[in-house]
There are 2 protein chains.
Amino acid sequence: MNSESLAFATPRESLGVLLGLVRAEIVRAMEAELAAKGLNLSFTQFLILKRLARLGPMSATELARSVELDGGAMTRQLDHLEGKGYLRRCRHEQDRRTLRIELTDAGDALWQELTDCNDRVLSAAQRSLDETEQVQLHDYLERVLHALRDKN
Amino acid sequence: MNSESLAFATPRESLGVLLGLVRAEIVRAMEAELAAKGLNLSFTQFLILKRLARLGPMSATELARSVELDGGAMTRQLDHLEGKGYLRRCRHEQDRRTLRIELTDAGDALWQELTDCNDRVLSAAQRSLDETEQVQLHDYLERVLHALRDKN
DNA sequence: CAAATATATTTGCATTGACAAATATACTTG
DNA sequence: CAAGTATATTTGTCAATGCAAATATATTTG
């Protein structure tokens with residue numbers, strides 16, 4: 001009586017819940033892919049590596065903001081990832097408060113291996129949307145994000 | 001150099017990240033609304049109350065699944081919410097393993113007060129989408145969810 | 001330039017949630 | 001009906017996170 005009655009009783013899932021459900025499934029799927037490769041990486045760690053691989057070195061604070069993670073939590077994730085040898089903390093030349101986090105060669109190599117997990121999960125997720133719809137979904141989400149951030 | 005360079009360097013945020021960002025903003029906004037009302041409720045607790053208010057009494061397991069929460073975590077949230085007097089655990093008549101979680105009068109009253117927070121946040125979030133687009137966004141997300149769940 | 005203020009990172013602490021083991025009750029099968 | 005199996009909830013334990021305080025470095029102001 002479960003998915004049946006839910007489908008009936010829930011004419012329209014609220015946006016907050018729906019986003020949570022979708023995101024949870026993506027996290028699950030990604031972690032399954034990672035585990036299948038024998039890698040012991042959390043989704044958060046995966047995101048951090050991805051950021052660095054895609055955007056290049058940046059400070060801990062920038063990194064934290066971009067993956068929506070608290071600064072303290074970021075410190076600890078950096079400890080883990082540095083411990084595994086995937087990244088390096090360098091001091092910024094001009095501003096010695098600031099770190100410059102950069103991938104090591106091992107980190108780069110790891111990302112090469114991860115990039116297709118990433119693609120596989122995302123395309124599986126969006127497989128029932130055609131190209132136009134995927135772009136629209138993206139656009140809508142960006143607009144919602146901006147609406148929430150710019151509280152005019 | 002922040003939002004500027006991000007906007008430049010990020011041609012297209014990946015779906016996983018984007019969902020996380022949007023969801024985090026919604027959670028923040030909702031918790032701010034709750035705090036502004038002097039209520040000490042987490043987003044999770046808010047969701048639980050909402051489920052019960054919208055769908056009526058159900059078991060702890062159903063409730064947990066519907067808000068994507070672990071069973072053990074649900075037990076503790078129920079402890080809190082029962083402690084605050086917003087809900088009641090009743091034993092199911094036929095199956096005495098199962099609980100029937102139902103809102104108390106105080107819980108109902110609380111939801112009356114919360115329902116407009118909820119509406120306010122959701123309509124603020126979607127204010128830059130017209131009616132059609134809101135429906136589409138919803139539809140796309142549902143389809144993505146199903147694609148992820150039915151791993152054919 | 002010294003003091004006050006601001007920013008980046010780290011650390012301490014409390015809370016949350018996932019996972020697994022324990023418990024209680026129901027169902028199934030021989 | 002007894003034994004074994006399945007399901008619902010609770011509890012123990014641990015990792016992850018948010019928040020606040022501490023520390024280090026920069027910047028601003030008088």
Side-chain angles (χ1 to χ4, degrees), chain A residues 1-2 17 20-21 23-32 34-35 40-49 57-84 87-102, chain B residues 1-2 20-21 23-32 34-35 40-48 57-84 87-102:
Chain A
M1 96 168 194
N2 219 328
V17 183
L21 296 175
R23 184 180 141 87
E25 290 293 338
I26 290 183
V27 171
R28 239 191 298 279
M30 268 305 314
E31 292 187 337
L34 293 170
N40 187 24
L41 276 183
S42 69
F43 185 69
T44 301
Q45 292 169 344
F46 164 79
L47 284 185
I48 292 170
L49 293 174
M58 65 183 77
S59 80
T61 303
E62 287 177 292
L63 203 47
R65 256 200 301 267
S66 77
V67 300
E68 193 69 53
L69 194 65
D70 169 79
M74 179 55 71
T75 293
R76 283 149 191 144
Q77 292 298 347
L78 293 178
D79 291 344
H80 289 151
L81 292 169
E82 192 174 36
K84 292 179 183 175
L87 55 79
R88 227 186 331 261
R89 285 161 156 120
C90 309
R91 278 290 157 191
H92 192 286
E93 283 302 317
Q94 280 76 41
D95 184 344
R96 296 213 328 242
R97 293 169 300 183
T98 303
L99 293 175
R100 175 189 153 93
I101 317 288
E102 52 187 41
Chain B
M1 98 172 192
N2 220 328
L21 296 176
R23 185 180 140 86
E25 289 294 337
I26 290 183
V27 171
R28 237 191 299 282
M30 267 307 312
E31 292 188 338
L34 294 170
N40 186 25
L41 276 184
S42 68
F43 185 70
T44 301
Q45 291 169 345
F46 164 79
L47 285 185
I48 292 170
M58 66 182 78
S59 80
T61 303
E62 287 176 293
L63 203 48
R65 257 200 301 266
S66 76
V67 299
E68 193 69 51
L69 193 65
D70 169 79
M74 179 56 72
T75 293
R76 283 152 191 144
Q77 292 298 346
L78 293 178
D79 291 343
H80 290 151
L81 291 169
E82 192 172 36
K84 292 179 186 178
L87 56 79
R88 229 187 330 261
R89 285 162 157 120
C90 308
R91 279 288 156 192
H92 192 286
E93 284 303 317
Q94 280 74 43
D95 183 346
R96 294 212 331 241
R97 293 168 300 181
T98 302
L99 292 175
R100 176 188 153 93
I101 316 288
E102 53 187 41

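Predicted, not measured: the structure shown is a model, and the values here were computed from it. Values below: every heavy atom of this structure, side chains too, minus hydrogens, waters and symmetry copies.
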Tell me every residue that passes side chain to side chain donor-acceptor pair (under 3.5 Å) with [X], counting only those two or more places apart in sequence or in another chain.
| X | result |
| --- | --- |
| Glu31(B) | none |
| Thr98(B) | Asp95(B) |
| Arg100(B) | Glu102(B) |
| Arg96(B) | none |

Just the atom pairs and distances: protein N or O near nucleotides 6-8 of chain D's N or O, under 3.5 Å.
residue, atom, partner, partner atom, Å
dT7(D), O4', Arg97(B), NH1, 3.3
dT7(D), O2, Arg97(B), NH1, 2.9

Listed by chain and number, what are the side chain to side chain contact (heavy atoms under 4.5 Å, CB included) partners of Glu68(B), not counting sequence neighbours?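 Leu21(A), Ala24(A), Arg28(A), Arg149(B).
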
Among residues at least two apart in sequence or on other chains, which ones pass side chain to side chain contact (heavy atoms under 4.5 Å, CB included) with Thr61(A)?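 Result, side chain to side chain contact (heavy atoms under 4.5 Å, CB included) vs Thr61(A): Ser59(A), Arg65(A).
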
Strand DNA chain D in bracket notation, Watson-Crick/G-U under 3.5 Å with | for pairs to another chain: ||||||||||||||||||||||||||||||

What's the CE-P distance between Met74(B) and dC19(C), to the nearest Å?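 So the CE-P distance, Met74(B) to dC19(C), works out to 15 Å.
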
Rounded to whole Å, please give me the gap between CD in Glu31(B) and C1' in dT16(C).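 One finds 12 Å between C1' of dT16(C) and CD of Glu31(B), rounded.
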
For nucleotides 1-3 of chain D, print each protein N/O atom paired with a nucleotide N/O atom at under 3.5 Å, atom names and distance only.
none

Taking salt bridge (charged side-chain N to carboxylate O under 4.0 Å, His left out) as the test, write out the residues that go with Asp70(A), two or more places apart.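 Counting only residues at least two positions away or on another chain, Asp70(A) forms no salt bridge (charged side-chain N to carboxylate O under 4.0 Å, His left out).
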
For a quick check, with a 4.0 angstrom heavy-atom cut-off, what is the B/S/- contact string for nucleotides 12-23 of chain D, read 5' to 3'? BB--SBBB----

